[in-house]
There are 2 protein chains.
Amino acid sequence: MDAQMKRGLLEACVLSLLLKGDSYGYLLIQEVSALMPISESTLYPVLRRLEAAGQLTVYSREHNGRLRKYYAITENGKAQIQSFLKEWEDVNRVYTFILTATTKEENTHE
Amino acid sequence: MDAQMKRGLLEACVLSLLLKGDSYGYLLIQEVSALMPISESTLYPVLRRLEAAGQLTVYSREHNGRLRKYYAITENGKAQIQSFLKEWEDVNRVYTFILTATTKEENTHE
DNA sequence: ATATAATACTATACGCCGTATAATATTATT
DNA sequence: AATAATATTATACGGCGTATAGTATTATAT
C-alpha cells in the first residue's frame, strides 16, 4: 500500500486492534500486517505517539522470564477512533467525487 | 480535514477535476475547496509534481491581457486515477476493519 | 552443540508533502 | 483612491512512514 495512504489510518488501526484486549509490539505487528504492510520502525513510533497523546497506556508484565510491554487503549483512545470515523466521512466524500468523475469520463467515450 | 488524510487524495482529486476539461490554478483552488480545505501553497506544488510525473501538461493562454497557465490531464494522468482507485480498495479494507472492530466493541457494552 | 528462526524492542537518517507566511502583480469594484 | 478578486511563486517547518541496522533472549532444527 502506498505510504501516503497509510497516514492517519495506522493509528486508528492500532487503536482498533486494542479494543479486543491489551497487546504488545510484536503481536501488533503481526496483526497489522494482515491488513497492510508495516515494519517495526513504523509501528513503535506510532505506539509512542499514541501513548504521548494519552490514547493508550503501557505496562510491563513478565513473560517467559522477560519483561514484555503491553499496550492498553484508554477512553481517550476510544474517543479518538470515533473522531477518526467522523473525519473519514469527509475523505469518503472526496473519494466518491473521484469515482463519479471517473465514471462520467468513461461515459463520454461511449 | 486532517492533513494526514489528504495525502494521496489530493493528487487524484486534482486529476479528476481535469477530466471535465482544462483548468488553471485559481479555479482549481476554488473547486478543490468545495471538497476539502486547500491553500495555494499546497495546490501549486501538487501541480508541479503531477507535471513532473507526466500526468498533466501545462500551456499558457492569454486571458484579459495576461498569460494564464492552463493544466490538461494526460493519458498517463488518467491511468494514475485508475491506480489510485485500485489502491483505495486496500484502504477501504482497513477502514472496514476499524468500523467492524468499533461496532463489536459497542456490542460488548450492551 | 550450534546454527537458525522467532520473539521483542530501539535508534538514526532520509524523504515526501501539507501548511503557514509572505511576496508580487494585475484587474474589477466601490 | 481603496479594496477585493484574480493569479502565481518562494521559503522554512513539521509530521510521519521507511530503510537500515543494532541489541538481546528463547525455541527449534540439524
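Scope of the values below: all heavy atoms of this structure, side chains included, with no hydrogens, waters or symmetry mates. So you know, we letter chains A, B, ... as the sequences are listed, proteins then strands, and number each from 1.
DNA chain D is contacted by both L10(A) and P45(B); P45(B) maps to the nucleotide lying nearer its 5′ end (nearest heavy atom per residue).
Phosphate proximity of dT10(C) to R48(A): present, with a side-chain N or O under 4.0 Å from OP1 or OP2. Contact annotation: Q4(A) does not reach the phosphate of dC16(C) (side-chain N/O to OP1 or OP2, under 4.0 Å). Put simply, T42(B) has a side-chain N or O that comes within less than 4.0 Å of OP1 or OP2 on dT19(C). The phosphate of dT9(D) (OP1 or OP2) has no side-chain N or O of Y44(B) nearer than 4.0 angstrom.
Out of dT18(D), dT9(D), dC17(C), the shortest distance to the side chain of E40(B) is found at dT9(D). Each of dT8(D), dA19(D), dT19(C) was ranked by its minimum atom distance to the side chain of S41(A); first place goes to dA19(D). Of the listed nucleotides (dC16(D), dT8(D), dG18(C)), dG18(C) has the atom at the smallest distance from the side chain of K6(B). Across dT8(D), dT19(C), dC17(C), the shortest atom-to-atom separation from the side chain of Y26(B) is found for dT8(D).
In this entry the distance linking CZ of R61(A) with P of dC9(C) reads 14 Å, nearest Å. The CZ atom of R49(A) sits 16 Å away from the P atom of dG14(D) (whole-angstrom rounding). If you take CE of M5(B) and P of dC16(D), they are 11 Å apart, rounded to a whole angstrom. Rounded to whole angstrom, the span from the CE atom of M1(A) across to the P atom of dC16(D) amounts to 17 Å. Computed from coordinates, the Y24(B) OH to dT9(D) P distance equals 15 Å when rounded to whole Å. Atom CD of Q30(A) is separated from atom C1' of dA6(C) by 9 Å (rounded to the nearest Å). dT19(C) atom C1' lies 10 Å from atom CD1 of I38(B), rounded to whole Å. The interatomic distance linking E62(A) (CD) with dT7(C) (C1') rounds to 16 Å, in whole Å.
Across I73(A) and L19(A), no two heavy atoms sit closer than the pair CD1-CD2, 4.0 Å. When all heavy atoms of Y44(B) and Y26(B) are compared, the pair lying nearest together is OH-N, 3.7 Å.
Ring planes of W88(B) and W88(A): parallel class, angle under 30° (limits at 30 and 60°).
The hydrophobic clustering, which links ILVMFWY residues whose side-chain heavy atoms are closer than 4.5 Å, places I81(B) and L99(A) together.
Residues D22(A) and Y59(A) bring a donor and an acceptor atom of their side chains to less than 3.5 Å of each other.
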